[in-house]
Amino acid sequence: MPAAPPVAVSGLVLAAGAGRRFGGPKALARTPAGTPWIALAVRALTEGGCRDVTVALGAGAEEAVALVPRGATIVTVADWESGMAASLRAGLGALRSGAGIAAVVVPVDTPGMPPAAVARMLRHADRDALAQAAYAGAPGHPVLLGRSHWAAVADAARGDVGARPYLVAQGASLIECGDLWSGADRDTR
């Protein structure tokens, strides 16, 4: 496990969506071996160096709560049906009361993400950080949001569009992680 960064960085798992293309809430998804994707995301964030992790739940929340590892904080997204932006807003809102100077944000549908990708992002963490993992130059996850950007990201997020327009407009740094994994998210079973 990598050493914790010298600053407090929070992890945020976005797991509130209905997963229409997937065939059900991704918050309930498991690997073929039975490991919940939520547990994999929390583990990657924790082992990657995040000091605390919050999981945003919506669709299937009553069942998904049991899949969230002990120690992670749960925030329920009341308006999850309005799109992924609701999950991002609720998660960042929950983090505001914490000590994190930055947040590493991941969607739950990246079960292959290794802790090393999170650790690489944490090397750039500070209050004003704005960075996105890249895979052969294409932007992906995780995303690093310095605390000074949280309110603006939350305000800019709409429907199923999260932080990407804000990241582009602000010239977020791209941190190449293609040597660590594919960066692929899972939209189908």
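Note that this is a predicted model, so its numbers are computed, not measured. Values below: every heavy atom of this structure, side chains too, minus hydrogens, waters and symmetry copies.
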Taking Val55 as the fixed residue, which of Val68, Val75, Leu14 is the one that meets the side chain to side chain contact (heavy atoms under 4.5 Å, CB included) rule?
Val68

Is it the case that atom CD in Glu176 sees more than 12 heavy atoms from other parts of the structure closer than 6.0 Å?
yes

Same cluster or not: are Val42 and Val105 linked, directly or through other Ile, Leu, Val, Met, Phe, Trp or Tyr residues, by side-chain heavy atoms under 4.5 angstrom apart?
no

Full working for side-chain hydrogen bond (donor to acceptor under 3.5 Å, both in side chains) between Ser10 and Asp52
CA-CA 5 Å; Ser10 299; Asp52 57 84; 2.9 Å; yes

Interatomic distance, Arg147 atom CZ to Leu145 atom CG [nearest 0.5 angstrom]:
12.0 Å

Leu92 vs Leu12, test: side chain to side chain contact (heavy atoms under 4.5 Å, CB included). Steps then yes/no.
CA-CA 8 Å; Leu92 289 174; Leu12 175 59; 4.3 Å; yes

Would you check if Pro165 and Val168 make a side-chain contact, meaning some heavy-atom pair closer than 4.5 Å?
no

Option passing side chain to side chain contact (heavy atoms under 4.5 Å, CB included) with Leu40 (candidates Thr35, Val106, Val13, Val108)
Thr35

Going hydrophobic residue to hydrophobic residue with side-chain gaps under 4.5 angstrom, can you get from Leu180 over to Leu174?
no

Heavy-atom side-chain proximity of Leu67 to Trp37 below 4.5 angstrom:
no

What closest approach, in Å, do Pro139 and Arg164 show between heavy atoms, and which atom pair accounts for it?
CG-NH1, 3.3 Å

Taking Trp80 for the side chain and Ala86 for the main chain, is one N or O donor matched with an acceptor at less than 3.5 Å?
no

Between Ala102 and Leu144, what is the shortest heavy-atom contact and its length?
CB-CD1, 3.9 Å

Show the nearest heavy-atom pair for residues Ala39 and Pro69, with the distance to one decimal.
CA-CG, 3.7 Å

Verify, without hydrogens or angle tests, whether Arg158 (side chain) and Gly83 (backbone) share a donor-acceptor contact under 3.5 angstrom.
no

Under the 3.5 angstrom rule, does the side chain of Asp160 hit a backbone N or O of Met84 as a donor-acceptor pair?
yes

Same cluster or not: are Val104 and Leu130 linked, directly or through other Ile, Leu, Val, Met, Phe, Trp or Tyr residues, by side-chain heavy atoms under 4.5 angstrom apart?
no

Atom pair SG (Cys177) and CE (Met121), whose distance is rounded to the nearest 0.5 Å:
6.0 Å

In this structure, CD1 of Ile175 is separated from CZ of Arg123 (nearest 0.5 Å) by 9.0 Å

Determine, for Arg120 against Asp179, whether the closest basic-nitrogen to carboxylate-oxygen distance falls under 4.0 angstrom.
yes

Is there a side-chain contact between Ser173 and Gln132 (heavy atoms, below 4.5 Å)?
no

Between the main-chain N or O of Asp128 and the side-chain N or O of His149, is there a donor-acceptor pair closer than 3.5 Å?
yes

Gly48 versus Leu122, closest heavy-atom pair with distance:
O-CD1, 3.1 Å

Ser82 to Arg89 - nearest heavy-atom pair and separation
OG-NH2, 4.4 Å

Heavy-atom pair of closest approach, residues Gly11 and Leu95
O-CD2, 4.5 Å

Checking the side chain of Ser148 only, and the main-chain atoms of Arg127 only, is there a donor and an acceptor separated by less than 3.5 Å?
yes

Rounded to the nearest 0.5 Å, how far does CZ of Arg30 lie from CD1 of Ile38?
9.5 Å

Would you find a donor on one side and an acceptor on the other, under 3.5 Å apart, between the side chain of Tyr135 and the backbone of His141?
yes

Distance in Å, Leu88 CG paired with Tyr166 OH, rounded so as to fall on 0.5 Å steps:
12.0 Å

Using the rule that two of Ile, Leu, Val, Met, Phe, Trp, Tyr join whenever any of their side-chain heavy atoms come within less than 4.5 Å, decide whether Trp181 and Val143 are in one cluster.
no

